[in-house]
Protein chains: 2
Amino acid sequence: MNKRMPTIIDVAEAAGVSTATVSRVLNKGKVSDLTKDTVESAIEELGYRRNNVARSLVMGKSGVIGVLIPDVTGALYAQMARGIEDVLNKYNLQYILVSGDRNVEQEQSALELLLERQIDALILIGSDLDESTLSKLLKNVYVTVFIQREATSKATSESLGESINSSAHTNGLTVGIDNYQAAQDATNYLIQKGHKKIAHITATRHDGRTRLNAFTDALEQANLSSNFIAEGDGTEDGGYKAAKTLLQNDDEIPTAIFCGNDRIAAGAYKAIKEHDLDIPRDISVIAFDNLPWAEYLDPPLTTIRQPGKSMGEVAAFKILDTLGELDDAPDEALKRARETTISYELIERSSVHDLRSGKHDA
Amino acid sequence: MNKRMPTIIDVAEAAGVSTATVSRVLNKGKVSDLTKDTVESAIEELGYRRNNVARSLVMGKSGVIGVLIPDVTGALYAQMARGIEDVLNKYNLQYILVSGDRNVEQEQSALELLLERQIDALILIGSDLDESTLSKLLKNVYVTVFIQREATSKATSESLGESINSSAHTNGLTVGIDNYQAAQDATNYLIQKGHKKIAHITATRHDGRTRLNAFTDALEQANLSSNFIAEGDGTEDGGYKAAKTLLQNDDEIPTAIFCGNDRIAAGAYKAIKEHDLDIPRDISVIAFDNLPWAEYLDPPLTTIRQPGKSMGEVAAFKILDTLGELDDAPDEALKRARETTISYELIERSSVHDLRSGKHDA
DNA sequence: TTGTAGGCGTTATCAG
DNA sequence: CTGATAACGCCTACAA
């Protein structure tokens with residue numbers, strides 16, 4: 001069933017030409033129509049298919065780009081991957097996906113594996129790898145773009161001695177939303193609705209930390225105390241447990257919870273309902289991500305939309321651009337390729353209650 | 001920033017040995033401890049990293065396997081991808097992911113792109129490609145395994161002239177659940193709970209068709225009429241619309257809906273609630289997949305669990321086995337590698353109502 | 001244990 | 001427009 005794959009040499013012989021000529025028709029070089037036909041039918045006959053690894057070797061580039069992703073199983077990350085793939089495919093490039101599994105050691109070893117393939121470029125999604133290992137690893141990589149590696153407008157100066165600012169990085173392009181600002185928006189939204197006892201369930205990794213900082217800063221600016229902070233692990237179950245602890249003593253219950261992400265919110269919903277509390281009447285919930293199912297929770301979840309697919313697309317465009325594959329691209333694409341910070345959006349649904357409307361209309 | 005990558009030759013010179021020796025230390029061949037050290041430090045010094053495309057060329061295998069997936073963005077598919085990756089990584093293999101985008105043309109062109117890379121094996125997830133194009137394309141691929149390409153226990157003989165039976169396929173290994181049986185179980189579960197007016201909202205593609213067939217067959221076997229069938233497109237919105245039409249004339253409303261998958265169910269939930277109907281009191285819902293959020297719907301969704309990750313793992317094991325990489329593998333892994341049909345599970349939550357208990361306890 | 005040299009399948013340069 | 005032929009970086013007999 002598995003005879004040796006025919007090579008360019010076989011085709012050349014079959015067509016009675018040289019390998020160079022075959023290569024030319026394969027690559028749209030100048031060939032006479034006649035020979036072109038002969039060669040093409042020989043190709044057809046033999047079922048020849050070009051060997052891309054040989055091609056990569058001589059061309060010095062593989063046409064595949066590496067993507068390091070925390071977890072394909074995360075809906076948002078999957079969207080990014082999809083965005084990346086969609087634009088890459090238009091240019092006949094492909095990608096190898098590796099999961100960092102949401103932990104640094106795994107990220108590093110995954111990255112090293114990746115680097116051994118001759119990838120032409122690298123996209124790092126939400127990586128927690130620190131600056132120094134990164135720059136060591138990436139020394140010889142032509143182009144790297146980071147998605148969601150903190151392009152904060154207001155660095156979290158106190159919590160991290162030296163902020164993870166990607167702009168300072170080894171030829172690192174960056175795409176992402178303004179995580180800090182978005183989290184502040186979410187918090188302020190609650191404040192504007194008249195909430196004073198606001199809780200936060202943290203998400204993990206650096207974006208989780210940024211959101212926490214934005215949260216506490218926002219409360220501080222509003223002269224509110226931030227006594228209600230619970231650690232989530234980013235999952236539904238973590239959210240459930242965290243919400244439980246938040247709800248445990250009846251006299252000090254928050255009127256609103258800002259969940260680090262939608263999955264956390266799903267867990268929190270469950271906990272809140274178990275306590276026979278109504279959402280949003282008794283407790284309002286706001287979250288982050290806007291995963292596809294967020295609108296189908298009961299009540300539909302108010303949340304910050306992260307445009308995962310767009311982020312992936314932009315990242316891919318940046319790569320194509322730097323790789324010089326974008327000559328013939330539409331202006332629009334080019335423009336998007338240069339942009340660096342994607343806009344987010346607060347999607348109002350019905351999970352937060354307006355405390356003021358009930359009280360006084362002042 | 002981007003000087004020429006050091007090659008094995010550079011290392012050889014730096015270490016004062018031949019390239020063969022360097023190659024040997026790279027591949028754990030017999031080398032004296034002394035030279036080994038010298039070479040290794042030279043490697044360290046130069047920051048040498050093996051060029052895997054050259055290696056692939058000479059070895060005749062690339063160490064990457066191709067995965068054709070309908071859509072990374074689908075939670076179940078992502079789980080499969082993750083399962084595949086996890087076991088592959090243990091053996092230092094990687095994968096290229098391509099999305100078929102849930103349509104055949106795209107599937108085919110994606111596949112062709114994939115085949116030009118020298119992938120060592122192929123995993124096809126839920127492909128709708130027909131037998132003939134498949135066998136033409138796959139002529140030279142060493143090993144292919146299909147996930148979820150219908151391993152039905154009871155072929156849907158009437159709807160398809162010739163059933164898509166993978167076992168008949170070109171050296172195609174197969175892993176999947178018994179889709180037909182599972183869908184029958186779901187339907188029968190409803191019947192056992194006393195439901196007589198049962199609706200179905202179809203999912204797409206071949207597994208959707210199989211489920212539909214199982215549904216009608218099950219009803220037939222129970223002497224129930226199957227008047228309530230609506231076409232979904234597999235998405236929440238499709239489910240919403242389909243449920244709407246199901247609910248439109250008040251005198252003929254089903255007491256239960258079997259949704260082709262969880263996403264459809266989410267949409268159906270929304271429609272049902274908009275009609276001021278209670279789940280499960282007025283309408284019961286059962287679905288398929290058990291996506292991570294299914295348990296967080298209100299009420300928690302009763303559904304058939306598909307173990308996506310396991311399916312991916314098994315598929316990967318099959319490949320490793322056929323590729324002969326599994327010599328040193330634990331028995332357990334080996335055993336799993338040979339299995340072909342994965343067990344599913346009906347997860348009872350609270351979205352279906354028992355009609356009998358309310359009426360008569362006979 | 002170590003070195004030499006041929007070859008993996010393509011592309012690209014340089015003559016014809 | 002077409003044909004030799006030298007790389008590309010690595011592995012692997014075969015020799016030493």
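Numbers restart at 1 for each chain; the letters A, B, ... are given by sequence-line order, proteins then strands. A quick note: this is a predicted structure, and the numbers were derived from the prediction, not measured.
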Enumerate all atom pairs, one protein N or O and one N or O from nucleotides 10-14 of chain D, separated by less than 3.5 Å.
residue: D:dC10; atom: OP1; partner: B:Tyr48; partner atom: OH; Å: 2.5
residue: D:dC10; atom: OP1; partner: B:Asn51; partner atom: N; Å: 3.1
residue: D:dC10; atom: OP2; partner: B:Ile8; partner atom: N; Å: 2.5
residue: D:dC11; atom: OP1; partner: B:Arg55; partner atom: NE; Å: 2.7
residue: D:dC11; atom: OP2; partner: B:Ser23; partner atom: OG; Å: 3.0

Practice problem: Could you name each residue pair satisfying salt bridge (Lys or Arg N to Asp or Glu O under 4.0 Å) that touches residues 51-61 of chain B, not counting sequence neighbours? | Solution: B:Lys61-B:Glu325

Quiz item: Heavy-atom distance under 4.5 Å between the side chains of A:Asp128 and A:Asn103, does that happen here?
Solution: no

Exercise. Look at A:Arg205 together with A:Glu107 and state whether they make a salt bridge at an N to O cut-off of under 4.0 Å.
Key: yes

Quiz item: Got a second to check how far A:Leu129's CG is from A:Leu138's CG, nearest 0.5 Å?
Solution: 9.0 Å

Quiz item: Bend angle of the helix from C:dT1-D:dA16 to C:dG16-D:dC1 from five-pair axes at both ends, rounded to 10°?
Solution: 40°

Quiz prompt | A:Leu122 and A:Val143, any side-chain heavy atoms less than 4.5 Å apart | solution = no

Exercise. Taking the side chain as every heavy atom from C-beta outward, state whether A:Glu313 and A:Met80 have any pair of such atoms under 4.5 Å apart.
Key: no

Exercise. Select base, sugar-phosphate, or nothing to describe what A:Val17 touches, counting heavy atoms under 4.0 Å on all strands.
Key: sugar-phosphate

Quiz item: When you list every nucleotide of DNA chain C with an atom under 4.0 Å from a heavy atom of chain B, which one comes first 5' to 3', and which comes last?
Solution: C:dT1 to C:dG9

Quiz item: Are side-chain heavy atoms of A:Thr174 and A:Val145 found at a separation under 4.5 Å?
Solution: no

Quiz item: Hey, can you pull the residues of residues 29-40 of chain A with a non-hydrogen atom under 4.0 angstrom from DNA chain D?
Solution: A:Lys30, A:Val31, A:Ser32, A:Thr35

Quiz prompt | Min side-chain heavy-atom separation B:Lys36-B:Val39 under 4.5 Å | solution = no

Practice problem: For A:Leu113, check side-chain contact (heavy atoms from CB on, under 4.5 Å) against everything at least two apart and list the hits. | Solution: B:Asn92, B:Gln94

Self-check item: B:Asp86 and B:Arg82 ion-paired at < 4.0 Å
Solution: yes

